[in-house]
Amino acid sequence: MEITNFSTTSSLISQYMTELRDVNVQKDSMRFRKNIERIGEIMAYEISKTLRFKTIDIATPLCDTKAEVIDDSIVLATIFRAGLPFHAGFLNFFDKAENAFVSAYRKYKEKGDFEVCIEYLASPRIDGKTLILCDPMLATGISMEMSYRALLTKGTPAKVHVASIVSSSQAIEYVKNHFPDDSTSVWTATIDPTLNDHSYIVPGLGDAGDLAFGTKD
């Protein structure tokens, strides 16, 4: 399984990550959403380099010529609600992609234990397609896996790209053990070292959903 960690090299993602983590910049929810969207756009571009392309004939105002277009059928899937601006970034670049949405949330029990509940799924068929499953926070990996399992009720993709902004090292190992090794790639802006007692990523950036859309009751 190929893991791409963008924090190993300095790029614009480093700037956007700095702003996403900074508690003072976080007060601007519009900028928070925009930075998530920007990282989604950059990842979409990088993922595009791994896709299949085909040559087609087109006509310019001056002559006929050859051009390349994506030959993969792409399905962009995201987890409500924090994933929405991330999804938007990918969709800005993969504008012809089909789209899928999953509602996955933690239902807490005693002492910080929780189970992941799936309550909503809207997805096209994904048989033989390239599935890009994006969620900004990859904390334990359980929500990502449960969402993936839900999507498998719509078919088996040929390729899976798991995309996140902040991943814990534990979640990376979890994905390695619970996703097909030969057809899965992981893309993340950074990998943080640990989780706290509530399974939040440390240092992380807080609750991405609340920061993007406001607190929930």
Side-chain angles (χ1 to χ4, degrees), residues 3-43 46 77-90 102-109 111-117 132-148 161-179 185-217:
I3 311 293
T4 300
N5 177 8
F6 290 95
S7 68
T8 59
T9 56
S10 298
S11 70
L12 273 174
I13 288 183
S14 304
Q15 174 67 35
Y16 301 148
M17 275 303 310
T18 298
E19 295 187 6
L20 285 174
R21 290 190 195 269
D22 191 319
V23 293
N24 294 309
V25 182
Q26 285 180 351
K27 296 173 184 177
D28 185 345
S29 59
M30 181 181 292
R31 187 163 191 84
F32 186 87
R33 293 192 302 270
K34 187 63 178 178
N35 282 334
I36 289 179
E37 183 179 342
R38 286 166 166 167
I39 293 176
E41 290 175 340
I42 294 172
M43 285 191 184
E46 293 297 326
T78 196
I79 303 173
F80 287 146
R81 63 182 168 147
L84 291 175
F86 201 28
H87 184 99
F90 279 92
V102 183
S103 172
Y105 70 94
R106 294 179 179 184
K107 185 175 182 180
Y108 281 92
K109 303 175 183 180
K111 297 180 180 179
D113 292 334
F114 65 88
E115 62 178 347
V116 174
C117 299
I132 301 175
L133 182 51
C134 55
D135 189 27
M137 308 301 287
L138 188 60
T140 64
I142 297 173
S143 293
M144 192 70 82
E145 184 210 1
M146 294 292 288
S147 298
Y148 172 64
H161 295 279
V162 174
S164 68
I165 293 179
V166 183
S167 303
S168 72
S169 56
Q170 295 95 320
I172 295 295
E173 292 303 313
Y174 187 92
V175 169
K176 287 180 180 178
N177 293 325
H178 291 84
F179 280 72
S185 296
V186 178
W187 307 75
T188 185
T190 191
I191 299 176
D192 284 356
T194 190
L195 301 173
N196 66 14
D197 292 341
H198 292 280
S199 296
Y200 295 149
I201 305 172
V202 179
L205 52 76
D207 189 309
D210 285 358
L211 290 166
F213 300 110
T215 57
K216 54 191 177 293
D217 187 1

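Treat the numbers as computed from the prediction; the structure is a model and nothing was measured. The first residue of the sequence shown is numbered 1, and numbering continues consecutively from there.
- Rounded to the nearest 0.5 Å, atoms CG (Asp192) and OG (Ser7) are 8.5 Å apart.
- Shortest non-hydrogen contact noted between Ser168 and Ile201 is N-CD1, 4.1 Å.
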With side-chain contact (heavy atoms from CB on, under 4.5 Å) as the criterion, how do Met17 and Phe6 come out once you've worked through the C-alpha distance, each side chain's angles and the decisive distance to 0.1 Å? CA-CA 10 Å; Met17 275 303 310; Phe6 290 95; over 6 Å; no
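- Side chains of Leu205 and Met137 form a contact here, defined as non-hydrogen atoms less than 4.5 Å apart.
- Salt bridge present: Arg81 and Asp210 bring a charged side-chain N and a carboxylate O closer than 4.0 Å.
- Side-chain contact between Val175 and Leu138 is present, with heavy atoms from C-beta onward closer than 4.5 Å.
- For Pro136 against Gly83, the heavy-atom pair with the smallest separation is CD-CA, 3.6 Å.
- In this structure, Ser167 contributes its side chain and Ile191 its backbone to no donor-acceptor pair below 3.5 Å.
- What you find for Pro193 and Val202 is that their closest heavy atoms are CD-O, 3.4 Å.
- Among all heavy-atom pairs drawn from Asn5 and Thr8, the shortest one is O-OG1, 2.9 Å.
- The main-chain N or O of Gly204 is found under 3.5 Å from a side-chain atom of Arg21 such that the two form a donor-acceptor pair.
- Remark: Arg38 does not engage Glu41 in a salt bridge, criterion side-chain N to carboxylate O under 4.0 Å.
- Ile3 has its side chain within reach of Lys176: a pair of non-hydrogen atoms, C-beta onward, lies under 4.5 Å apart.
- Of the possible polar contacts, none joining the Asn35 side chain to the Leu20 backbone as a donor-acceptor pair under 3.5 Å is found.
- Taking the six-membered ring where the residue is Trp, Tyr174 and His178 present parallel rings, their angle staying beneath 30° rather than reaching 60°.
- Closest approach of Phe179 to Val162, counting heavy atoms only: CE2-CG2, 3.9 Å.
- Side chain of Thr78 to backbone of Cys134: a donor-acceptor contact under 3.5 angstrom is found.
- Without hydrogens or angle criteria, Ser185 side chain to His161 main chain gives no donor-acceptor distance under 3.5 Å.
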Go through the steps to decide whether Phe86 and Ile39 satisfy the test side-chain contact (heavy atoms from CB on, under 4.5 Å), and finish with yes or no. CA-CA 7 Å; Phe86 201 28; Ile39 293 176; 4.2 Å; yes
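- Using a distance-only test at 3.5 Å, with no hydrogens or angles considered, no donor-acceptor pair links the side chain of Gln170 to the main chain of Ser199.
- Of all heavy-atom pairs spanning Ala104 and Ser147, the tightest one is CB-OG, 3.8 Å.
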